[in-house]
Amino acid sequence: MTTMTTGSDTLTRDALAVLQPGFVGTTAPDWLLRRIGEGLASVGLFGRNIVSAPQVAALTAQLRAERDDLLVAIDEEGGDVTRIEVRTGSSFPGNLALGAVDDLDLTREVARELGRRLAECGVNLNWAPSADVNSNPDNPIIGVRAFGADTGLVARHTAAYIEGLQASGVAACTKHFPGHGDTNVDSHHAMPRIDVDLDTLHARELVPFRAAIAAGSKSVMSAHILLPALDPARPATLSPRILTGLLREELGYDGLIVSDAVEMQAIAGTVGIERGSVLAIAAGADALCVGGGLADEGTVLRLRDALVTAVREGELAEERLADAAARVRALAAWAQRVRGDVTAPGAAVQEGTAPGTGIATDIGLVAARRAAKVTASPSWSPLAQAPYVATFTPVMNIAVSSETPWSIGAELDGLLPGTESGTYGTEAAAADVLAAAGERRIVAVVRDEHRHPWMAAALDALLAARPDTVVVEMGVPRATPRGALHIATHGAARVCGRAAAEVIAGV
């Protein structure tokens with residue numbers, strides 16, 4: 001059902017205010033500017049909207065010409081999940097690398113520098129960090145996006161990340177509440193379920209979120225996961241027991257609650273995005289993320305009208321919608337207030353540091369180097385000749401853009417000119433790699449080898465034929481180190497590839 005609205009009444013403005021939609025293009029379409037004028041308070045940016053930092057700055061300036069306090073959000077975790085550097089790979093390692101180093105000051109500084117770059121582009125809300133405890137090593141969606149599998153480590157680095165990010169004037173959105181780490185299903189495709197008792201949830205999943213709340217996280221993102229110990233009927237995003245009872249009342253969280261993308265199949269494939277949006281707001285969510293897949297005006301109008309209709313028909317309390325919209329506007333006011341405060345003009349800047357921070361602008365590479373775990377055989381010596389890089393590529397989860405390059409071929413070619421590369425999938429055979437490599441030394445790059453039997457089998461066969469092969473593990477490192485040199489990078493960001501290439505080339 002479509003409700004006719006004028007675009008100016010309070011109810012309609014509140015319905016628009018709780019949406020965080022995406023759009024197509026590298027400039028703002030007319031329909032988006034029009035809806036901002038009618039009350040839309042947030043916009044989400046995705047890889048398709050980004051060409052360069054100056055272009056993003058121009059885009060956000062165009063958006064803010066319509067509304068100066070607009071929230072501009074992005075999913076910029078660094079590491080494997082990057083939007084600002086979607087076409088090149090990230091200048092920052094992801095959470096697993098930071099957790100592997102376990103230096104809170106480093107995590108804080110990485111987050112602050114990442115936030116500074118976002119703020120420079122006009123982005124003021126980051127759908128990060130992931131506070132999930134990666135307790136299930138076969139998790140298909142979290143993995144290197146988590147700081148690790150240890151609850152205490154994840155909690156302290158989540159807090160440090162939030163502190164660093166928000167010191168740059170960018171609001172954190174800690175996710176995926178109440179914890180997505182013990183799943184073996186990707187909620188982009190289906191409904192994950194975590195069957196653990198309440199004691200386990202409180203001792204493991206919820207600990208990092210308590211730390212995030214204590215650190216002042218400006219927003220928290222809900223997960224589309226079913227936790228029968230908390231609510232046997234509804235996933236967290238749609239559950240009043242979880243969002244209001246647990247997060248608001250029991251944990252005492254008073255910031256903005258954002259839903260994960262409502263077009264993900266865990267919602268769209270069950271109750272549908274319109275009903276899911278109404279149920280999420282009724283459950284206690286304040287903002288609805290949409291636009292990763294559905295990025296058109298029609299989707300915005302459908303969700304706006306679904307909320308208006310639900311209020312008019314008594315299914316959604318008008319006060320609840322008004323409260324949600326007020327929380328969105330409060331965060332927008334905070335972001336507007338701090339904008340400019342963290343980069344005051346005239347601040348002294350040391351060479352090689354980010355303006356106003358004193359932080360090295362290559363802090364991401366510094367962190368990636370520290371995160372690389374190197375296991376070398378007694379006979380290992382750095383390569384002096386250009387090698388052949390064989391990259392074994394699994395199917396990526398949907399959070400990682402297919403546009404984002406990874407592996408180390410380009411980085412190695414910069415250090416050892418003439419390096420050649422090949423990519424191998426599920427039908428990979430060691431014979432194919434050996435034929436392509438010829439007499440060159442082989443560098444085999446794998447990603448989450450422990451989750452992909454075909455990859456482990458191909459690597460074993462390759463090592464049997466060529467024991468001097470170098471192995472670079474760019475996912476969660478769980479396999480036994482092997483090869484003449486084994487480097488666990490703890491992620492596939494561009495800087496992780498650079499750090500590995502430096503070890504291989506001995507620079």
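Side chains are part of it too, since the values below use all heavy atoms of this structure and drop only hydrogens, waters and symmetry mates.
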[X] to [Y] - nearest heavy-atom pair and separation:
X    : Y    : value
V495 : L365 : O-CD1, 3.9 Å
R234 : P240 : NH1-CD, 4.1 Å
G79  : A493 : CA-CB, 3.7 Å
R312 : L11  : NE-CD2, 3.7 Å
D132 : A146 : O-CB, 3.2 Å
A215 : I162 : O-CG2, 4.1 Å

Report task. Tell me, yes or no, whether the heavy-atom count around E297 atom CD, taken from other residues, nucleotides or ligands under 6.0 Å, exceeds 12. Result -> yes
Query raised in the report: More than 12 foreign heavy atoms under 6.0 Å from CG of D197: is that the case here?
Result: yes
[X] [atom1] to [Y] [atom2] distance, which is reported to the nearest 0.5 Å:
X    : Y    : atom1 : atom2 : answer
T82  : R87  : OG1   : CZ    : 11.0 Å
L32  : D296 : CG    : CG    : 11.5 Å
T244 : E250 : OG1   : CD    : 12.5 Å
H157 : L96  : NE2   : CG    : 11.0 Å
L19  : L40  : CG    : CG    : 6.5 Å
I267 : L279 : CD1   : CG    : 8.5 Å

**Report entry** Candidate pair E66 and V43, rule side-chain contact (heavy atoms from CB on, under 4.5 Å), full reasoning
**Finding:** CA-CA 12 Å; E66 297 295 322; V43 171; over 6 Å; no
Does any N or O in the side chain of [X] come within less than 3.5 Å of the main-chain N or O of [Y], such that one atom is a donor and the other an acceptor?
X    : Y    : answer
H450 : P137 : yes
N136 : G181 : no
S259 : C289 : yes
T60  : C121 : yes
T309 : A306 : no
Y253 : S217 : yes
T393 : G425 : no
H490 : A371 : yes
E85  : S91  : yes
E76  : L118 : no

Query raised in the report: Do R339 and D68 pass the salt bridge (charged side-chain N to carboxylate O under 4.0 Å, His left out) test, and can you show the C-alpha distance, the side-chain angles, and the key distance before you say yes or no?
Result: CA-CA 11 Å; R339 195 166 77 216; D68 190 51; 2.8 Å; yes
Is there side-chain contact between [X] and [Y], with at least one heavy-atom pair below 4.5 Å?
X    : Y    : value
V72  : L125 : no
W406 : D80  : no
L247 : I242 : no
Q62  : L33  : yes
V338 : Q166 : no
Y161 : T174 : no
S130 : K175 : yes
F23  : L45  : yes

Query - Derivation and outcome, salt bridge (charged side-chain N to carboxylate O under 4.0 Å, His left out), residues E109 and R112 - result: CA-CA 5 Å; E109 290 184 3; R112 183 170 176 176; over 6 Å; no
Between [X] and [Y] (salt bridge meaning N to carboxylate O under 4.0 Å), is one present in this structure?
X    : Y    : answer
R35  : E38  : yes
R117 : E120 : no
D69  : R329 : no

Query raised in the report: Are side-chain N/O atoms of E77 and N95 paired as donor and acceptor at under 3.5 Å?
Result: no
Requested in this report: Go through L251 and F177 one step at a time and tell me if the side-chain contact (heavy atoms from CB on, under 4.5 Å) criterion holds.
Outcome: CA-CA 12 Å; L251 300 186; F177 185 83; 3.8 Å; yes
**Report entry** The single option from V24, T26, V86 passing side chain to side chain contact (heavy atoms under 4.5 Å, CB included) against R48
**Finding:** V24
Requested in this report: Please state whether the rings of F46 and W127 are parallel, tilted or perpendicular, taking 30° and 60° as the class boundaries.
Outcome: tilted
Query raised in the report: Could you give all pairs that pass the salt bridge (charged side-chain N to carboxylate O under 4.0 Å, His left out) test and reach residues 205-220, with sequence neighbours left out?
Result: none
Query raised in the report: Sequence neighbours excluded, which residues qualify as side chain to side chain contact (heavy atoms under 4.5 Å, CB included) partners of D254?
Result: R327
Query - ring-ring contact (aromatic ring centres under 6.0 Å, His included): pairs with one or both residues in residues 265-315, sequence neighbours excluded - result: none
Query raised in the report: What's the verdict on salt bridge (charged side-chain N to carboxylate O under 4.0 Å, His left out) for D150 and R204, showing C-alpha distance, side-chain angles and the deciding distance?
Result: CA-CA 9 Å; D150 178 84; R204 189 178 65 188; over 6 Å; no
Query - Verdict with reasoning, I225 to H176, per side-chain contact (heavy atoms from CB on, under 4.5 Å) - result: CA-CA 9 Å; I225 55 177; H176 306 80; over 6 Å; no
**Report entry** side-chain contact (heavy atoms from CB on, under 4.5 Å) between R241 and L230, worked out
**Finding:** CA-CA 7 Å; R241 295 185 195 176; L230 293 171; 5.9 Å; no
